[in-house]
Amino acid sequence: MNAINDVRGNAGGRERARIRAQAFCGPTSGLAPGNVQANLVILPKALAHDFLRFAQANPKPCPVLAVSEAGDPHFPTLGADLDIRTDLPRYRVWRDGELIAEPTEVGDIWRDDLVSFAIGCSFSFEEALIEDGIEVRHIARGCNVPMYRTNIACVSAGTFHGPLVVSMRPLKPKDAIRAVQITSRFPSVHGAPVHLGFPASIGISDIAKPDYGDAVPIAADEMPVFWACGVTPQAVIAQARPSFCITHAPGAMLITDLRNTSLAAL
């Protein structure tokens, strides 16, 4: 199906329906090409203001696309039929900073005081890289993107503090230069890379062992290129230890009806 017909066929709604029916539970990279994907953080209202300040202080890993009203499981600006409780392939449930479950829906634990944050995802700019002829390794191999905790501290806000998480894509030097140019146009989905090469200098001791996602091969003529990642809030939650929180599972994103082109700055 070509891109124009896919838009008319509501690719985002179609994929959400498939996920809602639990017909798909894997990584969403490459699904609904052209549609914005989002990370998800759901917190009690009492913590929502501090988290919003944290996101505003750390716009590279936490570019906010939408914030819900307390208790409202919808993002009307991201999709008319979208339901936060059912439309992600997999969630993570946290209590006191500990991961306790990874369900495929969260309606049974939904509360009236919960505020949801949709945060931009680098899966959105991958389409632009591919259109420019740049291979995105995890898509080519049909696996999840590798993600790593770093030694770079985020700016703290209230109770929220912790390390920056990055996603990695191996690229040849000429493609890395082009990728910087392309992704700089998309600040709402992490923008340009935060680091190129030398993983040890940002605290990554073994590039073959990501903290989240799947390892991918790096050829001898390639360098690892690192982007700020929307899994950062999960590393922060593990340190801040809020009493209750729900997030997406790494790589299992919320597919919206927004188009990636609408987020381009140029």
Side-chain angles (χ1 to χ4, degrees), residues 6 10-42 55 60-68 73-75 77-79 81-94 99 102-106 116-130 136-139 142-147 165-169 183 186 188-191 210-214 227-235 237 245-263:
D6 213 25
N10 187 18
R14 185 174 63 249
E15 292 296 348
R16 289 195 302 274
R18 192 159 68 104
I19 290 166
R20 193 178 304 137
Q22 300 191 10
F24 180 84
C25 61
T28 56
S29 179
L31 294 186
N35 284 52
V36 172
Q37 298 196 26
N39 303 276
L40 185 67
V41 177
I42 305 173
K60 288 289 281 187
C62 300
V64 176
L65 298 177
V67 183
S68 77
H74 305 99
F75 285 128
T77 60
L78 303 184
D81 68 334
L82 188 156
D83 192 321
I84 298 163
R85 300 166 296 186
T86 59
D87 289 2
L88 279 72
R90 192 165 297 279
Y91 299 79
R92 283 185 156 188
V93 181
W94 307 76
L99 177 63
E102 289 196 334
T104 55
E105 59 88 25
V106 292
S116 302
F117 296 83
I119 294 171
C121 171
S122 59
F123 288 176
S124 289
F125 64 59
E126 290 175 343
E127 176 194 22
L129 296 178
I130 292 169
V136 178
R137 186 67 40 81
H138 62 275
I139 293 179
C143 63
N144 202 355
V145 64
M147 295 161 273
V165 175
V166 293
S167 61
M168 188 278 292
R169 293 155 186 84
T183 59
F186 296 94
S188 296
V189 288
H190 305 307
D211 296 296
Y212 317 90
D214 301 313
W227 278 265
C229 179
V231 174
T232 296
Q234 299 187 31
I237 286 161
C245 181
I246 302 170
T247 68
H248 69 290
M253 303 299 174
L254 177 65
I255 299 174
T256 78
D257 290 343
L258 293 182
R259 299 295 290 170
N260 293 325
T261 51
S262 71
L263 300 182

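Computed from a predicted model, the values in this text were never measured in an experiment.
Scored by the side-chain contact (heavy atoms from CB on, under 4.5 Å) test, P27 finds N144 as partners (sequence neighbours excluded). Annotation: side chain to side chain donor-acceptor pair (under 3.5 Å) contacts of S116 (sequence neighbours excluded): none. Every residue two or more places apart in sequence or in another chain that forms a side chain to side chain donor-acceptor pair (under 3.5 Å) with Y212 is listed here: R149. When the side-chain contact (heavy atoms from CB on, under 4.5 Å) test is applied to A66, the partners found at least two apart in sequence or on another chain are F75, T77, L78, A118. Scored by the side chain to side chain donor-acceptor pair (under 3.5 Å) test, T28 finds Q37 as partners (sequence neighbours excluded). Residues that satisfy the ring pair (Phe, Tyr, Trp, His ring centres under 6.0 Å) test with F117, not counting sequence neighbours, are F51. Checked against side chain to side chain donor-acceptor pair (under 3.5 Å), S68 has no partners two or more places apart in sequence or in another chain. For S188, the side-chain contact (heavy atoms from CB on, under 4.5 Å) partners are L65, L263, not counting sequence neighbours. By the side-chain contact (heavy atoms from CB on, under 4.5 Å) test, T86 is found to be paired with R20, D83, E105, residues two or more places apart in sequence or in another chain being considered.
How far CG of L129 is from CD of E126: 7.0 Å, rounded to the nearest 0.5 Å. For the atom pair CG of L31 and CD1 of I139, the computed distance is 9.5 Å after rounding to the nearest 0.5 Å. Distance check, rounded to the nearest 0.5 Å: CE of M253 to OG of S122 gives 6.5 Å.
The nearest pair of heavy atoms linking H138 to S29 is NE2-OG, 3.3 Å. Scanning both residues, L99 and W94, for their nearest heavy atoms gives N-CE3, 3.7 Å. Listed here is the closest heavy atom pair of Y91 and V106: CG-CG1, 3.7 Å. Heavy-atom minimum distance, T104 versus P89: CG2-O, 3.6 Å. The two residues V231 and P250 make their nearest non-hydrogen contact at CG2-CB, 4.0 Å. Minimum interatomic distance between D257 and N10 (heavy atoms only, all atoms of both residues): OD1-OD1, 3.4 Å.
R90 places a side-chain N or O within 3.5 Å of a backbone atom of E102 that can act as its donor or acceptor partner. Within the 3.5 Å criterion, the main-chain N or O of K60 finds a donor-acceptor partner in the side chain of H190. With hydrogens and angles disregarded, no donor-acceptor distance shorter than 3.5 Å links the side chain of N35 to the backbone of I255. A donor-acceptor pair under 3.5 Å is absent between the side-chain atoms of T247 and the main chain of V41, judged by distance alone. Remark: the backbone N or O of A249 is not paired with any side-chain donor or acceptor of Q234 at under 3.5 angstrom. Within the 3.5 Å criterion, the main-chain N or O of N39 finds no donor-acceptor partner in the side chain of H248.
Looking at heavy atoms from C-beta onward, V165 lies out of side-chain contact with D211 at the 4.5 angstrom threshold. Under the 4.5 Å side-chain criterion, counting only non-hydrogen atoms from C-beta, F123 is in contact with V145.
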